[in-house]
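A short write-up of the structure that comes next.
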Amino acid sequence: MNDFYKIGQVIEVRGQKLRIRVFENKNSNILIYQGNVIKNVSVGSFVKIPKGFSNIIGRIEGEYIQENKPTSENNCQLRFSKESETIDRIIEVSIMGVLNDGRFQRGLIDIPLVFSDAYMLTDTEVQKIFEFSSDLTTSVCIGSINDYKEEKLFISANSLFASHIGIFGNTGSGKSNTLAKIYTECFQRFKGMPGFAKSRFLLIDFNGEYTQAFDDSKRVYRLSTRVDTGDSIPIHQSFLEDVELWSIICEATEKTQKPFLSKSIDLYRRLRGTDNLMAYIRGMLKNLLLRYYDDPQMFLRQLTGLKNILALLFVDAEPGIKILNSIQLRGQGPKFFRTADDGDHWGNTSDDYEQQFVSVILDSVFFPGNYKSEDEYLIFEYALRYKYLDSLCSQYINEEHVGPLISRFENRVKRVKRLFKICDNPPADWLAIYSLVDVNVEFKKIVPLIICKYFYERQRLNFNGSSLHIIIDEAHNVLSTTSERESQTWKDYRLETFEEIIKEGRKFGTFLTISSQRPSDISETIISQLHNYFIHRLVNNEDIRAIGKAVAFIDNTSYEMISVLPQGACIFTGVASNFPVLVQVDLLPKQQQPQSSTINLTELWKEP
């Protein structure tokens, strides 16, 4: 073993912790050996301590100086010597594992003895310690290792991407570049492989930062709740039959509104199975109108709902609406009455009412050429509106309980139509980026939840060995536990949905990546279930504490560095690494970077 690399001796062993006295000639910042400049050991570096056929590997966690006073035996001889007292440099080391036969094994496998020699590591030995993947052809390069700038960090793609990933850091710390970097590396290395088509990647982009990043063959959906010119997400018709999703959209209560939604969806299924839809709908409306004969006051209460149904179904609903508006209740009965060009009409008997009112209304709108296109949204909306009127007539529901659901549906269904497009065979985009920058606050929580739940359910029910990778940037927007602008029931459901994905998704090839600047806002259950972490600079004490509580793979030294990390540097830790590593993530080329950089104000102000 080359004595040049010997730096000191072990002077104390306390379990996993060691103290090593460094030789006086090894205290400089750099060492010169055979014309080469070698960086000396410092905090964060590694040392090896040979014992038998093994090399125990330790990591330097701290250092200090210690005064070494002479013993009483030679005190008189050295009383007048300037060297009567010396200063020793002491380094504190934590055992990380053992290097055997060129392979690093993590854990407290062996313990050195006092007076054992301690050595610096050679470049080859450093490579072996940071060789988290035994096969570099199936690894991705993240960046440079901070304590060993010449070394690159390679991570096993399987250990990284077949896991749940968390990327945390304040604004400007480099987390967006890290997210883009790891997936850019993945796509560049593996996209050309034959089986790569079995994987799908979905990125929820709240701020529109990633529309220019990644591969050119990606599909970008620029969603908008404000205008009709935005993109729509292709989604299967079964989306409309999912009571859970509509409960999310309409924030339906569990005991009254959700059962009503379920019955409306059952009616929608029956309507889709009819051979002649408009003839079937005519029969439904006829039965509803006939029931008003025995309850004229109900007709008045539901007049607005009837007019809305006609406006929904027909190109020209005005004739039918005009007739509805002309109907009055007169007499002691009271009885139906209306005035038309051909005179006055009374509904004194059920036959008169059917001929002079019901048939006239239906004939005014039900004729060829007046029917709107039978798209899925129209059928679904009709089913909901009809079921509401029919259930009120039958007194199955209370207007005060279900009425708010109908109001929320009317407000939101237009935005849903803008955001989701019903398709028989939705395209399976290998990489889909959903930009929510033009989506209003109300739907910024709803849309990611619908996307994630819809695609996860399809992956779970049709799992055939494929994989689904869900990536959420600014994840605190949808995983927040502190939001006060929503009901507790809705918030619980939202968090439970993502907690199910992160707990059970791995069994069905579904993996979640979340990126956030506020980990303290995110559910502790979700953070603790992540497998790999990229932790950038965090300065808020609550955020730092949240990481410390939830991340089991981080040591005290790394934890204390979180608040002082430079831009672009992060602590990588998790199942894909043997120990926490401080890594400077490589900056992507300009054309592949996410659009998250801070504007240059001085340059802006110089512009004419």
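- No side-chain donor-acceptor contact under 3.5 Å links Arg189 to the backbone of Val140.
- With rounding to the nearest 0.5 Å, the separation of CD1 in Ile547 from CD in Glu542 is 12.5 Å.
- Closest non-hydrogen pair, Ile450 versus Leu245, comes out as CA-CD2, 4.1 Å.
- Residues Gln257 and Pro404 are in side-chain contact: their nearest non-hydrogen atoms beyond the backbone lie under 4.5 Å apart.
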- Task: Apply the test side-chain contact (heavy atoms from CB on, under 4.5 Å) to residues Asp438 and Leu223: give CA-CA distance (whole Å), side-chain angles for both, the deciding distance (0.1 Å), then the verdict.
- Result: CA-CA 6 Å; Asp438 199 30; Leu223 307 177; over 6 Å; no
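- Using a cut-off of 4.0 Å between Lys/Arg side-chain N and Asp/Glu carboxylate O, Arg460 and Glu504 are scored as not salt-bridged.
- Within 6.0 Å of CD in Glu524 there are 12 or fewer heavy atoms belonging to other residues, nucleotides or ligands.
- Residues Arg518 and Ser516 have side chains that never bring a donor and an acceptor to within less than 3.5 angstrom of each other.
- Between Arg412 and Glu251 there is a salt bridge, with a side-chain nitrogen of the basic residue lying less than 4.0 Å from a carboxylate oxygen of the acidic one.
- Partners of Tyr210 under the ring pair (Phe, Tyr, Trp, His ring centres under 6.0 Å) rule, at least two apart in sequence or in another chain, do not exist in this structure.
- Aromatic ring orientation, Phe299 versus Phe336: perpendicular (interplanar angle above 60°, classes split at 30° and 60°).
- The neighbour count for Lys263 NZ, taken as heavy atoms of other residues, nucleotides or ligands under 6.0 Å away, does not exceed 12.
- Checked by atom type and distance alone, the side chain of His536 pairs as donor or acceptor with a backbone atom of Ser173 at under 3.5 Å.
- The existence of a salt bridge linking Arg222 and Asp231 is excluded, since no basic side-chain nitrogen approaches an acidic carboxylate oxygen closer than 4.0 Å.
- Salt bridge annotation for Arg494-Glu499: absent, with no cationic side-chain nitrogen under 4.0 angstrom from a carboxylate oxygen.
- In this structure, Trp246 has its ring center no closer than 6.0 Å to that of Tyr268.
- Put simply, the side chain of Thr497 does not reach to within 4.5 Å of the side chain of Cys452, judged on heavy atoms.
- For the pair Thr525/Lys503, a side-chain contact is recorded, criterion being any heavy-atom separation below 4.5 Å from C-beta on.
- Thr178 contributes atom OG1, which lies 8.0 Å from atom CD1 of Ile142 (distance to the nearest 0.5 angstrom).
- No donor-acceptor pair closer than 3.5 Å links the side chain of Gln592 to the backbone N or O of Phe214.
- Judged by distance alone, with hydrogens and angles left aside, the side-chain atoms of Tyr183 form no donor-acceptor pair with the main-chain N or O of Ile471 at under 3.5 Å.
- Atom CG in Asn398 sits 9.0 Å away from atom OG1 in Thr256 (nearest 0.5 Å).
- No salt bridge links Lys414 with Glu381; every basic N to acidic carboxylate O contact stays at or beyond 4.0 Å.
- For Phe455, there are no ring pair (Phe, Tyr, Trp, His ring centres under 6.0 Å) partners two or more places apart in sequence or in a different chain.
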Legend entry - Verdict with reasoning, Ile514 to Phe168, per side-chain contact (heavy atoms from CB on, under 4.5 Å): CA-CA 8 Å; Ile514 61 175; Phe168 303 109; 4.2 Å; yes
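- Under a cut-off of 6.0 angstrom, the local environment of NZ in Lys258 is crowded, with over 12 non-hydrogen atoms contributed by other residues, nucleotides or ligands.
- Under a 3.5 Å cut-off, the side chain of Ser232 and the backbone N or O of Arg418 do form a donor-acceptor pair.
- A distance below 6.0 Å separates the ring centres of Phe201 and Phe187.
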*Start with the C-alpha gap between Ile233 and Tyr434, add the side-chain angles, then the distance that decides, and say whether side-chain contact (heavy atoms from CB on, under 4.5 Å) holds.*
CA-CA 9 Å; Ile233 302 172; Tyr434 303 100; 3.7 Å; yes
Let's go through Leu431 and Ser217 carefully: what are the C-alpha distance in whole Å and the side-chain angles of both, what is the deciding distance for side-chain contact (heavy atoms from CB on, under 4.5 Å) to 0.1 Å, and is it a yes or a no?
CA-CA 8 Å; Leu431 171 58; Ser217 62; over 6 Å; no
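- In this view, Phe534 and Phe572 satisfy the ring pair (Phe, Tyr, Trp, His ring centres under 6.0 Å) rule, not counting sequence neighbours.
- The salt bridge (charged side-chain N to carboxylate O under 4.0 Å, His left out) pairs that include a residue from residues 203-216 are Lys191-Asp215, where partners are two or more places apart or lie in different chains.
- When atom types are taken as modelled, the side chain of Lys372 and the backbone of Ala311 share a donor-acceptor pair closer than 3.5 angstrom.
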Criterion ring-ring contact (aromatic ring centres under 6.0 Å, His included) on Phe196 and Phe190, from CA distance to verdict: CA-CA 7 Å; Phe196 191 78; Phe190 300 105; 7.4 Å; no
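- Between the side chain of Asp390 and the backbone N or O of Tyr386 there is no donor-acceptor pair closer than 3.5 Å.
- Distance alone, capped at 3.5 Å, places no donor-acceptor pair between the Arg330 side chain and the Phe337 backbone.
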For residues 356-370, please give each side-chain donor-acceptor pair under 3.5 Å, one per line with the distance, not counting sequence neighbours.
unit_1 : atom_1 : unit_2 : atom_2 : d
Gln356 : OE1    : His345 : ND1    : 2.8
Ser359 : OG     : Glu354 : O      : 3.1
Asp363 : OD1    : Arg282 : NH1    : 3.3
Asp363 : OD1    : Arg282 : NH2    : 2.6
Ser364 : OG     : Gly320 : N      : 3.4
Ser364 : OG     : Ile361 : O      : 2.5
Asn370 : OD1    : Asp316 : N      : 2.8
Asn370 : ND2    : Asp316 : O      : 3.2
Asn370 : ND2    : Val365 : O      : 2.8

Exercise for review: Please lay out, stage by stage, how Glu241 and Arg269 fare under the test salt bridge (Lys or Arg N to Asp or Glu O under 4.0 Å).
Suggested key: CA-CA 8 Å; Glu241 298 181 7; Arg269 291 194 184 100; 3.2 Å; yes
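- Evaluation of the side chain to side chain donor-acceptor pair (under 3.5 Å) test over residues 299-314, restricted to residues two or more places apart or in two chains, returns Tyr292-Gln302, Lys307-Asn325.
- Counting heavy-atom neighbours within 6.0 Å of Glu400 CD, excluding the residue itself, gives a total of 12 or less.
- In this structure, the ring of Phe161 has its center no less than 6.0 angstrom from the ring center of Phe511.
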Evaluate Ser480 against Asp521 for side chain to side chain donor-acceptor pair (under 3.5 Å), listing each step before the verdict.
CA-CA 5 Å; Ser480 173; Asp521 278 358; 4.7 Å; no
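- Donor-acceptor pairing under 3.5 Å is recorded for the side chains of Gln517 and Glu474.
- Here NZ of Lys198 is found 15.5 Å from CG of Leu468. Values are rounded to the nearest 0.5 Å.
- No donor-acceptor distance shorter than 3.5 angstrom exists from the side chain of Ser466 to the backbone of Ser199, with no hydrogens or angles considered.
- Going from atom CG of Asp543 over to atom NE2 of His476 covers 10.0 Å, rounded to the nearest 0.5 Å.
- Checked by atom type, the side-chain pair Asp429/Tyr221 shows a donor-acceptor distance below 3.5 Å.
- In plain terms, the two heavy atoms of Tyr454 and Ser238 that are nearest each other are CE1-OG, 4.4 Å.
- Within 6.0 Å of CG on Asp341 lie no more than 12 heavy atoms contributed by other residues, nucleotides or ligands.
- A donor-acceptor pair under 3.5 Å is absent between the side-chain atoms of Ser394 and the main chain of Tyr396, judged by distance alone.
- In summary, the side chains of Gln529 and Arg506 do not present any donor paired with an acceptor at a separation below 3.5 Å, with no hydrogens or angles considered.
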